[in-house]
2 protein chains.
Amino acid sequence: MENNKITIHDIARILKIDSSTVSRALNDSDRVTQKTKDKILAKAQELGYQRNHLASNLRKSKTYTLGVIVPRISRHLFSSAIAGVEETAYKMGYNVIICQSLEQLERERNIVGTLLANRVDGVLLSVSMETINYDHLQGLKQRNIPFVFFDRHCNISDNSNVLIDDYQAGFDATEHLIGQGCKHIVHFSGPQNLEIYKNRLKGYLSALQIYDIEFRKDLIIESRLMEIDGVENAKLLLELPYKIDGIFSANDIAAIGAMQYLKQQGIRIPEDIAVVGFSNEPISALIEPSLTTIDQPGFKIGKTATTLLISQIHEGATKMKSETIILKPNLIERKSSLRKFESGNY
Amino acid sequence: MENNKITIHDIARILKIDSSTVSRALNDSDRVTQKTKDKILAKAQELGYQRNHLASNLRKSKTYTLGVIVPRISRHLFSSAIAGVEETAYKMGYNVIICQSLEQLERERNIVGTLLANRVDGVLLSVSMETINYDHLQGLKQRNIPFVFFDRHCNISDNSNVLIDDYQAGFDATEHLIGQGCKHIVHFSGPQNLEIYKNRLKGYLSALQIYDIEFRKDLIIESRLMEIDGVENAKLLLELPYKIDGIFSANDIAAIGAMQYLKQQGIRIPEDIAVVGFSNEPISALIEPSLTTIDQPGFKIGKTATTLLISQIHEGATKMKSETIILKPNLIERKSSLRKFESGNY
DNA sequence: CTGTTAGCGCTTTCAT
DNA sequence: ATGAAAGCGCTAACAG
């Protein structure tokens with residue numbers, strides 16, 4: 001049990017100075033001579049001293065821990081975002097507790113309780129598809145714990161967000177399909193309690209209007225976020241009284257099911273039906289390498305949200321001005337080209 | 001700043017008893033009357049008391065934190081495993097620090113340093129593809145911090161592992177292809193410093209031998225874990241002087257690139273070439289819904305590894321007997337059937 | 001069964 | 001610029 005048990009007192013004793021001076025030196029305080037600082041740092045290095053964060057944090061009554069709540073870790077957008085969160089957090093001296101709501105409001109509620117019990121300094125969250133009221137976030141507000149929504153946000157006032165421009169994404173996707181000559185474009189949408197799906201729909205509608213394409217209500221197919229729903233969507237699509245030549249899917253999970261079903265039915269993508277979907281799941285791009293996708297910068301979302309949150313933590317309860325940062329999604333056109341392996345941090 | 005600052009002393013003062021009794025009651029010690037226990041618990045509840053883990057852990061000089069090192073969070077196998085780790089860890093009162101090596105030994109080394117500095121109680125790790133020596137794990141050994149390998153393990157002595165039976169998986173996959181009538185089965189392999197790829201290869205070879213299929217060295221195509229390598233693999237495959245009718249891919253990333261390329265070349269899967277791959281990435285199953293895959297129970301791996309690690313932590317430095325748990329992979333045959341949406345925890 | 005006492009290792013006044 | 005002293009909130013001897 002040779003636990004590295006060197007404390008500031010050990011250093012102090014050896015150097016015949018007080019531990020408070022050692023503490024100051026180790027924190028690079030300007031109330032210590034550079035000379036003693038050097039001496040202390042050298043000795044600390046020599047002994048392999050490592051600060052005990054538990055003690056330090058207890059004293060400062062800060063945990064240097066952030067809570068992150070996502071619907072599901074294994075979704076690509078969220079795992080990418082988490083990667084970004086972790087990187088930024090560690091760099092700024094924070095640890096991260098990651099929790100999955102599994103799309104259930106009940107679990108989301110419990111998680112907030114857990115994070116409170118863990119006394120996190122701040123929370124990042126992307127709400128579940130069941131989340132329609134925000135009572136469970138009151139505890140955070142009461143305790144003055146800052147929180148930042150990312151991607152799946154809520155339209156409650158006075159809170160910070162890091163989002164992608166879903167309206168623009170919807171517009172771009174639809175515009176792209178129109179540019180391909182599509183006349184009857186189906187829109188797969190998701191739960192309308194989530195802002196992101198509302199906004200993507202708005203983008204779709206705008207594009208139709210601007211390009212003077214007649215809007216038909218039955219071309220909007222809304223479903224939950226499940227593959228099996230996508231199959232149903234595809235069936236509905238095939239029963240429509242128009243020849244569908246395009247799909248803009250805002251619902252990446254459903255799109256996967258739908259595309260599989262369509263292919264089974266012998267429908268060729270994109271020859272028979274052009275498709276633009278979100279690449280939250282890299283899957284959608286791979287079912288059909290030629291697929292044009294809206295790529296969301298998950299890693300960047302995570303980094304940005306974390307930076308914002310930590311800056312709010314540092315500001316303290318002073319102003320706590322809420323801020324919304326909107327990132328641009330990218331429309332990536334693929335013409336049977338191979339998807340490049342993204343070796344970067346994603 | 002209305003921070004919930006109720007301590008055991010507040011409870012003690014109100015109840016006119018000592019804080020140590022409160023502490024004992026809150027820890028459900030059997031050295032407190034049930035009656036006083038009830039009284040204390042009730043009051044704690046009433047005041048909304050929440051234990052300060054920082055103080056508690058400092059006193060016990062334990063962090064109740066586990067470190068997890070994975071090559072890349074966004075790989076499906078790892079994000080599933082992490083989900084399992086988190087669930088089990090939280091249930092047992094542990095927090096988790098997640099780190100990505102990004103397949104780089106250098107980063108892996110640094111991460112171990114960070115975890116040491118964070119004084120984690122134990123470490124779970126799946127090594128990077130560059131990892132060939134294990135010096136960087138010495139620090140853990142010296143400080144008597146238990147660690148458990150999962151999935152991507154190392155053949156160093158006296159350590160614990162939670163693995164899937166890669167040999168069996170390789171055997172089953174190959175046997176399946178042979179059963180389909182394949183005569184010339186290419187094997188996509190990965191970096192041979194990783195045990196998992198060695199073992200899958202062994203399984204492949206065994207199956208060939210048992211079913212009396214001639215082994216040809218040039219049917220084994222080894223590559224890094226990148227999609228672009230898969231494209232190269234596919235090209236090599238097409239240049240072989242045999243008609244290839246089967247692929248067993250142990251390298252899921254490369255398989256993605258390869259399958260895309262093959263499809264571009266007009267080769268039909270599985271009609272022209274049958275494929276069995278690992279579904280670390282659900283992608284591979286979706287490029288071709290009919291694809292037969294080896295499914296790895298990532299969530300279960302994570303849970304099992306965590307349970308094992310925590311039990312080792314509890315044992316302390318007493319025995320620290322190393323243990324290896326081998327889980328069975330599942331060969332999942334799909335005949336153009338839709339992949340079911342797995343709504344469970346994965 | 002309960003109270004007393006003494007820290008865990010660090011930071012932070014307050015002196016000097 | 002440094003030291004002395006107090007204490008963050010909790011747990012764990014040791015008494016009784």
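Chain naming here is simple, since letters A, B, ... match the order of the sequence lines and numbering starts at 1 in each.
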(request) Determine the contact category for B/His53: base if any of its heavy atoms lies under 4.0 Å from a base atom, sugar-phosphate if only primed atoms, P, OP1 or OP2 are that close, otherwise nothing. (result) nothing
(message) If you assign A/Arg31 and A/Thr7 each to the DNA chain C nucleotide with the nearest heavy atom, which residue ends up on the more 5' nucleotide?
(response) A/Thr7
(message) Between B/Lys37 and B/Ser61, which residue's closest nucleotide on DNA chain C lies nearer the 5′ terminus?
(response) B/Lys37
(request) Verify side chain to side chain contact (heavy atoms under 4.5 Å, CB included) between A/Thr306 and A/Val96, making sure each step is shown before the conclusion. (result) CA-CA 10 Å; A/Thr306 309; A/Val96 172; over 6 Å; no
[X] has an atom [atom1]; how far is it from atom [atom2] of [N], in whole Å?
X       : N      : atom1 : atom2 : value
A/Ile8  : C/dG7  : CD1   : P     : 16 Å
A/Lys5  : C/dG7  : NZ    : C1'   : 13 Å
A/Leu15 : D/dA1  : CG    : P     : 18 Å
B/His9  : C/dT5  : NE2   : P     : 13 Å
A/Leu58 : D/dT11 : CG    : C1'   : 13 Å
A/Lys16 : D/dT2  : NZ    : P     : 17 Å
A/Lys60 : C/dT12 : NZ    : P     : 7 Å
B/Arg59 : C/dC10 : CZ    : P     : 16 Å

(message) Pairing donors with acceptors under 3.5 angstrom, does anything connect the side chains of A/Thr63 and A/Asp121?
(response) yes
Closest to the [X] side chain: [options]?
X       : options               : value
A/Ala55 : C/dT2, C/dC10, C/dC8  : C/dC10
A/Tyr49 : D/dC10, C/dC10, C/dT2 : C/dC10
A/Ser56 : D/dC10, C/dC10, C/dT2 : C/dC10

(message) Treating B/Asn193 as the side-chain partner and B/Met129 as the backbone partner, does any N or O pair qualify as donor plus acceptor under 3.5 Å?
(response) yes
(message) I need the minimum non-hydrogen distance between B/Ile301 and B/Leu327, along with the two atoms involved.
(response) CG1-CD1, 3.7 Å
(request) State the CD-OG1 distance between B/Glu103 and B/Thr131, to the nearest 0.5 angstrom. (result) 8.5 Å
(message) If you take any heavy atom closer than 4.0 Å to DNA chain C, which residues from residues 17-30 of chain B end up in contact?
(response) B/Ile17, B/Asp18, B/Ser20, B/Thr21, B/Arg24
(request) Could you check B/Val148 against B/Leu125 for side chain to side chain contact (heavy atoms under 4.5 Å, CB included), going step by step and ending with a plain yes or no? (result) CA-CA 6 Å; B/Val148 173; B/Leu125 74 165; over 6 Å; no
(message) One pair to check against salt bridge (charged side-chain N to carboxylate O under 4.0 Å, His left out): A/Asp158 and A/Lys141. What are the steps and the verdict?
(response) CA-CA 11 Å; A/Asp158 256 6; A/Lys141 278 224 160 122; over 6 Å; no
